[in-house]
Asker: 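I am attaching a structure below and will ask some questions about it afterwards.
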Amino acid sequence: MPNIILLGPPGAGKGTQAKRLVDERAMVQLSTGDMLREAKTSGTEMGKRVSDVMARGELVTDEIVIGLIAEKLSQGAGGGFIFDGFPRTLKQADALGKLLATSGQNLSAVIEMQVDDAALVARITGRFTCGTCGEVYHDQTRPPKVDGTCDACGGHDMKRRADDNESALKTRLMEYYKKTSPLIGYYYAKGQLTSVDGLAEMDVVASSISKVLDKA
Ligand code: ADP
Ligand code: ZN
């Protein structure tokens with residue numbers, strides 16, 4: 001089964017594409033961002049420790065996220081794994097390679113989603129989600145039909161992420177260029193990188209990703 005990494009700056013659309021692959025191909029999405037936010041919501045010791053770091057837009061330590069991924073990998077995935085928001089550093093990339101090898105698996109492809117910074121700022125600062133079902137909305141580009149009510153599930157619990165503001169976003173972008181973008185070169189050199197235009201229509205991006213998966 002194919003295991004893939006979705007790589008790209010915050011707001012590139014990794015989560016949106018990952019959710020489609022979960023629905024269409026029964027793949028398993030491993031989002032370290034989601035896992036860390038869950039740890040925070042459920043009030044675990046680790047969740048409390050990382051919550052300020054995340055709100056500022058900085059990366060949490062490699063040890064923590066590698067630990068989270070190791071636990072999930074040991075559970076296995078029928079349709080293959082989608083790594084979303086992991087790895088974010090070269091150390092995490094090496095750890096992932098080793099973890100997969102130990103369980104007799106490998107990485108099929110790394111898909112880089114390219115989006116320019118101006119688009120990212122616009123996408124992220126207007127973003128909110130339904131706290132009940134996870135549907136994603138945007139103040140300008142995708143407001144719910146009825147203000148404050150989720151189109152998908154009728155819920156009234158709209159949420160904005162603590163790090164979806166301009167100052168945290170600046171830090172998140174800086175962290176991306178400093179620590180994560182070197183992974184583009186790393187996977188390119190290994191012959192595993194495919195780049196797609198993350199500014200294209202959602203369906204177009206999805207079909208580019210599908211093509212990569214069909215070859216994997
Ligand atoms: P984004 O939408 O910015 O891509 P995520 O939801 O993937 O954000 O992650 C949110 C925050 O969680 C990050 O800014 C960081 O603090 C933390 N985080 C998530 N994944 C990792 C990781 N692999 N390594 C370090 N920190 C991480
Ligand atoms: Zn909803």
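Ligands are counted one by one from 1 in listed order, and the atoms in each one are counted from 1 as well.
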Asker: Tell me, please: is Lys14 in heavy-atom contact with ligand 1, that is, under 4.0 Å?
Answerer: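 A heavy atom of Lys14 does come that close to ligand 1.
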Asker: Got the closest protein heavy atom to atom 20 (N) of ligand 1, with its distance?
Answerer: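 The protein heavy atom lying closest is Thr32 OG1, 2.7 Å.
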Asker: Indicate, as side chain, backbone, both or neither, the part of Val60 found under 4.0 angstrom from ligand 1 when only non-hydrogen atoms are considered.
Answerer: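 For Val60, backbone and side-chain atoms both sit under 4.0 Å from ligand 1.
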Asker: Could you tell me which atoms of ligand 1, counted from 1 in the order shown, lie closer than 4.0 angstrom to a heavy atom of Phe86?
Answerer: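 Going through ligand 1 atom by atom, the ones under 4.0 Å from Phe86 are 23 (N).
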Asker: At the Zn ion (ligand 2), what is the angle formed between atom SG of Cys130 and atom SG of Cys133, rounded to the nearest 10°?
Answerer: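 Result: 110°, to 10°.
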Asker: What are the two closest heavy atoms between Met54 and Asp163, and how far apart are they?
Answerer: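 So the minimum-distance heavy-atom pair works out to O-CB, 3.4 Å.
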Asker: Would you mind telling me if ligand 1 is within reach of the side chain of Met54, the backbone, both or neither, using heavy atoms under 4.0 Å?
Answerer: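 Both backbone and side chain of Met54 come within 4.0 Å of ligand 1.
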Asker: Please work out whether any backbone atom (N, CA, C, O) or any side-chain heavy atom from C-beta onward of Arg56 is under 4.0 Å from ligand 1, and answer side chain, backbone, both or neither.
Answerer: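 Neither part.
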Asker: Could you list the donor-acceptor pairs under 3.5 angstrom formed by side chains in residues 129-137, with sequence neighbours left out?
Answerer:
unit_1: Glu135; atom_1: OE2; unit_2: Arg142; atom_2: NH2; d: 2.7
unit_1: Tyr137; atom_1: OH; unit_2: Asp151; atom_2: N; d: 2.8

Asker: Using distance alone, decide if ligand 1 has a nitrogen or oxygen within less than 3.5 Å of any nitrogen or oxygen in Gln92.
Answerer: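 Gln92 vs ligand 1: N/O contact under 3.5 Å present.
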Asker: How far is atom 4 (O) of ligand 1 from the closest protein heavy atom, and which atom is that?
Answerer: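 It is Arg88 NH2, 3.2 Å.
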Asker: Go through it in stages, so that I can follow the logic: the residues are Ser31 and Gln29, the test is side chain to side chain donor-acceptor pair (under 3.5 Å), and I'd like the CA-CA distance, side-chain angles, deciding distance and then a yes or no.
Answerer: CA-CA 6 Å; Ser31 159; Gln29 176 188 14; 4.8 Å; no
Asker: Salt bridge check, Asp139 against Arg160: does any charged N sit closer than 4.0 Å to a carboxylate O?
Answerer: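 A salt bridge is present here (some side-chain N lies under 4.0 Å from a carboxylate O).
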Asker: Counting only heavy atoms, which portion of Arg37 has something under 4.0 Å from ligand 1: side chain, backbone, both, or neither?
Answerer: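 Within the 4.0 Å criterion, Arg37 contacts ligand 1 through side-chain atoms alone.
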Asker: Measure the distance from atom 18 (N) of ligand 1 to every protein heavy atom, then report the residue, atom name and distance (to 0.1 Å) of the closest one.
Answerer: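 I find the closest protein heavy atom is Leu36 CD1, 3.4 Å.
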Asker: Report the part of Lys179 in contact with ligand 1, treating N, CA, C, O as backbone and CB onward as side chain, heavy atoms under 4.0 Å; options are side chain, backbone, both, neither.
Answerer: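 Answer for Lys179: neither.
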Asker: If you measure from the Lys or Arg side-chain nitrogens to the Asp or Glu carboxylate oxygens, is any gap between Asp117 and Lys170 under 4.0 Å?
Answerer: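 No salt bridge links Asp117 with Lys170.
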Asker: Mind listing the side-chain donor-acceptor pairs of residues 188-202 below 3.5 Å, one per line with the distance, residues two or more places apart or on another chain?
Answerer:
unit_1: Gln192; atom_1: NE2; unit_2: Leu107; atom_2: O; d: 3.3
unit_1: Ser195; atom_1: OG; unit_2: Glu112; atom_2: OE1; d: 2.7
unit_1: Asp197; atom_1: OD1; unit_2: Leu199; atom_2: N; d: 2.9

Asker: Heavy-atom count check: over 12 atoms from other residues, nucleotides or ligands less than 6.0 Å from Met1 CE?
Answerer: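 Incorrect, the count does not exceed 12.
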Asker: How about CG on Asp147, more than 12 heavy atoms from neighbouring residues, nucleotides or ligands closer than 6.0 Å, or not?
Answerer: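 No, because the 6.0 Å sphere around CG of Asp147 holds 12 heavy atoms or fewer from other groups.
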Asker: Please work out the angle at the Zn ion (ligand 2) defined by atom SG of Cys150 on one side and atom SG of Cys153 on the other, rounded to 10°.
Answerer: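 That angle is 110°.
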Asker: Where the side chain of Gln92 meets the backbone of Arg88, is there a donor-acceptor pair that is under 3.5 Å apart?
Answerer: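 Indeed, once roles are kept as given, a pair shorter than 3.5 Å links the two residues.
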Asker: Any heavy atom of Arg127 closer to ligand 1 than 4.0 angstrom?
Answerer: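 Yes, that is the case, since the closest heavy atom of the residue is under 4.0 Å from the ligand.
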Asker: As an exercise, identify every atom of ligand 1 less than 4.0 angstrom from a heavy atom of Gly33.
Answerer: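 Selected atoms, number and element: 5 (P), 6 (O), 7 (O), 9 (O), 19 (C), 20 (N).
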Asker: Just distances here: any N/O of Gly85 and N/O of ligand 1 closer than 3.5 Å?
Answerer: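 Between Gly85 and ligand 1, an N or O pair is found under 3.5 Å apart.
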Asker: Flag yes if more than 12 heavy atoms outside Met174 fall under 6.0 Å of its CE atom; otherwise flag no.
Answerer: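 12 or below, so no.
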Asker: Does Lys98 offer a backbone N or O that forms a donor-acceptor pair with the side chain of Thr102 under 3.5 Å?
Answerer: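 Judged by distance alone, yes, a pair lies under 3.5 Å.
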Asker: Where is the nearest protein heavy atom to atom 15 (C) of ligand 1: which residue, which atom, and how far?
Answerer: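 Result for atom 15 (C) of ligand 1: Glu58 O, 3.4 Å.
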Asker: Starting from atom 8 (O) of ligand 1, find the nearest protein heavy-atom neighbour and note its residue, name and distance.
Answerer: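 Protein heavy atom at minimum distance: Arg161 NH2, 3.2 Å.
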